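Owing to the predicted nature of the structure, the values given are computational and were not obtained by experimental measurement. Indexing begins at 1, ligand by ligand and atom by atom, following the structure's order. Atoms considered below: every heavy atom in the structure, side chains included; atoms not considered: hydrogens, waters and symmetry mates.
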Amino acid sequence: MTEVKHENSVAGRLSAILGEINVAHRKSEISTRKPELIAVSKTKDADTISLALNAGHRIFGENRVQEAASKWPGLRERYDGIDLHLIGPLQSNKAADAVALFDVIQTVDRDKIARVLSTEMIKQGRPMPVYVQVNTGLEAQKAGINPQDVGEFVERCRSDYALSVRGLMCIPPIDENPGPHFALLRKLALSSGLPELSMGMSGDYVTAISFGATHVRVGSAIFGARLV
Ligand SMILES: *Cc1c(COP(=O)(O)O)cnc(C)c1O
């Protein structure tokens with residue numbers, strides 16, 4: 001865990017992390033725009049999320065469609081400019097709800113999902129950027145396209161499904177040094193001409209930025225440990 005000292009409020013932790021992101025970005029030898037902080041609010045209630053919104057933060061991540069549906073429509077009535085990213089696995093029967101609720105889908109990981117998302121975006125008149133999730137560690141239990149298939153899949157997302165693919169996303173294996181996974185994700189993105197990299201969580205976002213992350217997804221370091 002990155003230590004954030006002397007801060008025990010959501011607003012304080014947010015601002016400390018934004019400061020660390022700035023420092024990490026300045027130190028990074030990879031030139032990208034300043035990384036965006038996606039505040040991961042899964043399991044947190046609307047009141048807790050409001051603390052971050054009141055502090056001026058607007059980019060959030062949720063990993064369940066149903067949970068997001070219970071919190072975000074109400075929050076959008078009270079706050080403008082919210083940018084909500086789906087960062088968890090998506091089932092095709094939830095694609096319509098996902099397109100209605102989210103602004104970015106980061107977990108496109110198979111043809112069927114690419115197809116139903118494309119259909120729903122057209123039907124709802126809500127085109128939105130997507131990321132392809134990559135299973136950099138080739139883990140059996142983890143979602144994502146295998147690294148060697150990324151180029152072809154990204155191409156299909158563009159040509160067959162007319163999706164606006166912005167970048168790649170990964171969740172490295174929990175028990176491994178994440179650096180090589182971040183490096184691999186960047187290499188794959190470069191070879192597909194993709195500008196964005198969603199990688200790095202509470203424990204490794206500084207490392208991810210040194211490998212060129214454009215979006216880091218940070219939950220517990222902002223909102224505190226999750227009980228579930
Ligand atoms: C929960 C989650 C995060 C945030 O994890 P923390 O360790 O709490 O920062 C990031 N990305 C994904 C995909 C997640 O599910």
Side-chain angles (χ1 to χ4, degrees), residues 1-4 7-21 24 35-45 48-49 51-52 57 59-72 83-91 94 98 101-110 113 129-137 139 141-145 166-179 181-182 184-186 189 196-228:
M1 277 285 277
T2 304
E3 262 215 320
V4 180
E7 295 290 359
N8 45 28
S9 68
V10 165
R13 287 189 296 254
L14 252 178
S15 98
I17 290 167
L18 287 168
E20 290 200 22
I21 288 173
E36 302 278 4
L37 172 60
I38 300 175
V40 177
S41 50
K42 65 189 186 197
T43 79
K44 302 300 172 182
D45 63 19
T48 305
I49 297 170
L51 299 173
H57 199 75
I59 312 177
F60 292 85
E62 289 279 349
N63 71 336
R64 294 216 165 110
V65 175
Q66 243 160 343
E67 185 188 336
S70 75
K71 299 187 291 194
W72 286 94
D83 190 26
L84 188 61
H85 293 232
L86 177 63
I87 60 168
L90 179 59
Q91 279 150 13
K94 300 265 172 62
L101 277 165
F102 288 89
D103 304 293
V104 179
I105 311 254
Q106 292 209 359
T107 49
V108 178
D109 64 352
R110 55 197 192 278
I113 282 298
V130 303
Y131 290 64
V132 167
Q133 184 173 353
V134 183
N135 189 357
T136 57
E139 294 173 279
Q141 82 287 3
K142 201 166 269 173
I145 297 284
R166 278 281 179 78
L168 303 179
M169 176 271 208
C170 77
I171 310 167
I174 193 119
D175 54 353
E176 283 182 33
N177 172 9
H181 296 272
F182 297 152
L184 172 61
L185 199 70
R186 177 159 184 272
E196 294 183 2
L197 287 172
S198 171
M199 56 192 198
M201 320 203 316
S202 289
D204 56 15
Y205 67 90
V206 169
T207 306
I209 291 168
S210 75
F211 284 94
T214 61
H215 294 70
V216 294
R217 310 178 308 264
V218 178
S220 45
I222 297 170
F223 294 109
R226 286 178 295 272
L227 302 173
V228 283

Engineer: Short list, please: which atoms of ligand 1 are under 4.0 Å from a heavy atom of Val218?
Structural biologist: 9 (O)

Engineer: How far is atom 6 (P) of ligand 1 from its nearest protein heavy atom, and which residue and atom is that?
Structural biologist: Ser202 OG, 3.5 Å

Engineer: Do Asp45 and Thr48 get their side chains close enough for a donor-acceptor pair, meaning under 3.5 Å?
Structural biologist: yes

Engineer: What I want to check is whether the side chains of Ser198 and Arg217 have a donor and an acceptor closer together than 3.5 Å.
Structural biologist: yes

Engineer: To check your reading of the model: name the closest protein heavy atom to atom 10 (C) of ligand 1, its residue, and the distance in Å.
Structural biologist: Met201 SD, 3.2 Å

Engineer: At less than 4.0 angstrom from any non-hydrogen atom of Gly219, what atoms of ligand 1 do you find?
Structural biologist: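 By the 4.0 Å cutoff, the relevant atoms are 4 (C), 6 (P), 8 (O), 9 (O).
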
Engineer: Would you mind checking which non-hydrogen protein atom is closest to atom 12 (C) of ligand 1, with the distance to 0.1 Å?
Structural biologist: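 Answer, as residue, atom name and distance: Ile87 CD1, 3.5 Å.
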
Engineer: How about Trp72 and Phe102: are their ring centroids closer than 6.0 Å?
Structural biologist: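 Ring-ring flag for Trp72/Phe102: false, centres at least 6.0 Å apart.
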
Engineer: For Ile171, does its backbone N or O pair with a side-chain atom of Lys142 as donor and acceptor, under 3.5 Å?
Structural biologist: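 Pair found, side chain donor or acceptor close to backbone of Ile171.
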
Engineer: Check the pair Lys94, Gln66 against side-chain contact (heavy atoms from CB on, under 4.5 Å), reporting the backbone distance first and the verdict last.
Structural biologist: CA-CA 8 Å; Lys94 300 265 172 62; Gln66 243 160 343; 3.8 Å; yes

Engineer: May I ask you to identify the nearest protein heavy atom to atom 11 (N) of ligand 1, giving residue, atom name and distance to one decimal place in Å?
Structural biologist: Arg217 NE, 2.8 Å

Engineer: Is the closest heavy atom of Arg226 to ligand 1 under 4.0 Å?
Structural biologist: yes

Engineer: Starting from atom 1 (C) of ligand 1, what is the nearest protein heavy atom, named by residue and atom, and what distance separates them?
Structural biologist: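 Sorting protein heavy atoms by distance from atom 1 (C) of ligand 1 puts Lys42 NZ, 1.4 Å first.
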
Engineer: Indicate whether any N or O donor in one side chain lies under 3.5 Å from an N or O acceptor in the other, for Ser41 and Glu62.
Structural biologist: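 Yes, a side-chain donor-acceptor pair sits under 3.5 Å.
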
Engineer: Can you list the ligand 1 atoms lying under 4.0 Å from a non-hydrogen atom of Ile171?
Structural biologist: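 Answer, ordered by atom number: 13 (C).
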
Engineer: List the steps and the verdict of side-chain hydrogen bond (donor to acceptor under 3.5 Å, both in side chains) for Gln106 and His85.
Structural biologist: CA-CA 7 Å; Gln106 292 209 359; His85 293 232; 3.0 Å; yes

